[in-house]
Amino acid sequence: MMKPENIDIKDLEKEQIRLSSKINLKDKIPPQKVKLVAGVDVTFTNIWTNPTTSIACITVFDIDTFELKDIVYAEKKIDFPYIPTFLAYRELPVILEAYKKLKIKPDVFLIDGQGILHPRMMGIASHFGVVTDEVSVGVAKSKLVGNFKEPENKKFSAKPIYIDKQLRGYAVRTRKNSKPLFISPGNNISVDSAVKVAIRSIKGDYKLPEPIRTAHNSLQEYRKNLLKKKYKS
DNA sequence: GCGACAG
DNA sequence: ATCTTGTCGC
């Protein structure tokens with residue numbers, strides 16, 4: 001997809017660098033005290049067109065009982081294409097709309113994408129965390145930047161990922177025979193705690209943390225019903 | 001110049 | 001990120 005001429009990448013890079021100075025990599029809450037964990041995911045009615053309609057879902061789980069405590073959705077027309085390292089400019093607007101609808105305040109937000117495992121430390125999880133000042137963690141299904149050694153093929157094997165000699169996150173195999181997840185802090189949390197919280201949010205033998213898994217599944221249903229409704233009218 | 005590149 | 005069925009490895 002061509003990037004429109006009216007998007008000034010240099011300006012967006014400057015904004016990312018400015019926002020990155022606000023990232024806090026210290027724990028705002030001890031990982032053992034975390035109880036309410038949110039999962040954030042986004043989909044689109046049509047990924048091949050611009051503009052398109054973005055849809056966000058945020059779930060909130062009690063991580064001790066894996067009970068769903070809250071679930072909210074939001075829809076928003078978006079006119080920004082997917083450009084690697086600028087994902088937040090496409091997906092954050094609709095996420096913030098869903099965020100406003102939450103009735104309870106989660107301790108941590110797990111977001112589908114990178115945190116500081118990003119060239120300018122501003123993956124979508126960090127961007128969300130800085131803008132809202134919430135505790136956030138990036139949970140990505142594939143790599144954006146950084147090199148890592150392949151974790152052994154057993155549940156919860158992990159390898160550190162360094163960028164510029166700095167520990168930025170971990171490649172974590174959350175399931176045997178599954179590709180690792182790329183976990184990094186978004187904001188207001190340390191690298192180690194980010195991994196601890198994400199792992200503690202995994203139910204049974206699923207690959208993804210339950211809040212994200214449920215948000216993703218719920219979005220599939222929501223989108224299907226939305227397209228059905230649009231087709232009728 | 002070439003390849004890599006979250007969702 | 002969407003669409004889709006069977007199939008393979010625990």
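Every chain is numbered from 1 and lettered A, B, ... according to where its sequence line falls, protein lines coming before strand lines.
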Tell me if the centroids of the rings in A:Phe148 and A:Tyr170 come within less than 6.0 Å of each other. no
How about A:Ser178 and A:Arg173: does a side-chain donor come under 3.5 Å of a side-chain acceptor? no
Grab the N/O contacts between the protein and nucleotides 4-6 of chain C below 3.5 Å, and write none if there aren't any.
none

Here the distance between atom C1' of C:dT2 and atom CD of A:Glu221, to the nearest Å, is 15 Å
Counting only side-chain nitrogens and oxygens, does A:Ser142 get under 4.0 Å of the OP1 or OP2 atom of B:dC5? no
Should A:Tyr82 be counted as stacked on C:dA1, where stacking needs a ring-centre gap under 5.5 Å and an angle between planes under 30 degrees? no
Closest nucleotide among B:dC5, C:dC10, B:dG7 to the A:Glu91 side chain: B:dG7
Touch check for A:Phe86, heavy atoms < 4.0 angstrom, all strands: base, sugar-phosphate only, or nothing? base
How many whole angstroms separate atom NZ of A:Lys179 from atom P of B:dA6? 15 Å
Between P on C:dC10 and CG on A:Asp205, what's the gap in Å once rounded to a whole number? 13 Å
Please classify the nucleic acid contact of A:Gln114 as base, sugar-phosphate, or nothing, using heavy-atom distances under 4.0 Å. base
When you get a sec, tell me which of B:dC5, B:dA6, B:dG7 is the closest nucleotide to the side chain of A:Ile124? B:dA6
A:Arg90 to A:Phe44, cation-pi by 6.0 Å centre distance and 45° axis angle: yes
Taking only side-chain N and O atoms of A:Thr43, does any of them lie within less than 4.0 angstrom of OP1 or OP2 on C:dT2? yes
Which listed nucleotide (C:dA1, C:dG9, B:dC5) is nearest to the side chain of A:Ile47? C:dA1
Please determine whether a side-chain nitrogen or oxygen atom of A:Arg223 lies at a distance below 4.0 Å from atom OP1 or OP2 of C:dC3. yes
Under a 3.5 Å cutoff, is there a donor and acceptor pairing between the side chains of A:Asn50 and A:Asp79? no
When rounded to whole Å, the CD1 to P distance for the pair A:Ile163 and B:dA6 reads 13 Å
Determine, step by step, whether A:Thr52 and A:Asn46 satisfy the side chain to side chain donor-acceptor pair (under 3.5 Å) criterion, reporting the C-alpha distance in whole Å, the side-chain angles of both residues, the deciding distance to 0.1 Å, and the verdict. CA-CA 6 Å; A:Thr52 185; A:Asn46 186 343; 5.6 Å; no
Strictly below 4.0 Å: does A:Gln220 bring a side-chain N or O up to OP1 or OP2 of C:dT2? yes
Among the nucleotides B:dA6, C:dG9, B:dG7, whichever has the atom closest to the side chain of A:His118 is B:dA6
Assign the ring pair A:His127 / A:Tyr89 to parallel, tilted or perpendicular, where the plane angle (0 to 90°) is split at 30° and 60°. perpendicular
Counting the atoms with a prime plus P, OP1 and OP2 as sugar-phosphate, which does A:Asn46 contact under 4.0 Å by heavy atoms, base, sugar-phosphate, or nothing? nothing
From CA spacing to verdict: ring-ring contact (aromatic ring centres under 6.0 Å, His included), A:Phe86, A:Phe80: CA-CA 10 Å; A:Phe86 297 97; A:Phe80 197 99; 7.6 Å; no
Taken to the nearest whole Å, CG/A:Leu87 to C1'/B:dC5 is 12 Å
Look at A:Lys141 and C:dA1 and indicate whether a side-chain polar atom (N or O) is within less than 4.0 Å of OP1 or OP2. yes
Rounded to whole Å, the CG-C1' distance (A:Asn147 to B:dA4) equals 11 Å
Would you kindly give the CG-to-C1' distance between A:Asp112 and B:dG7, to the nearest whole Å? 7 Å
note: A:Ile212, atom CD1; B:dG7, atom P; distance rounded to Å ~ 10 Å
From the list B:dC5, C:dG9, C:dT2, which nucleotide is the closest neighbour of the side chain of A:Arg175? C:dG9
Which distance, rounded to the nearest 0.5 Å, do you find between the CZ of A:Arg213 and the OG of A:Ser218? 9.5 Å
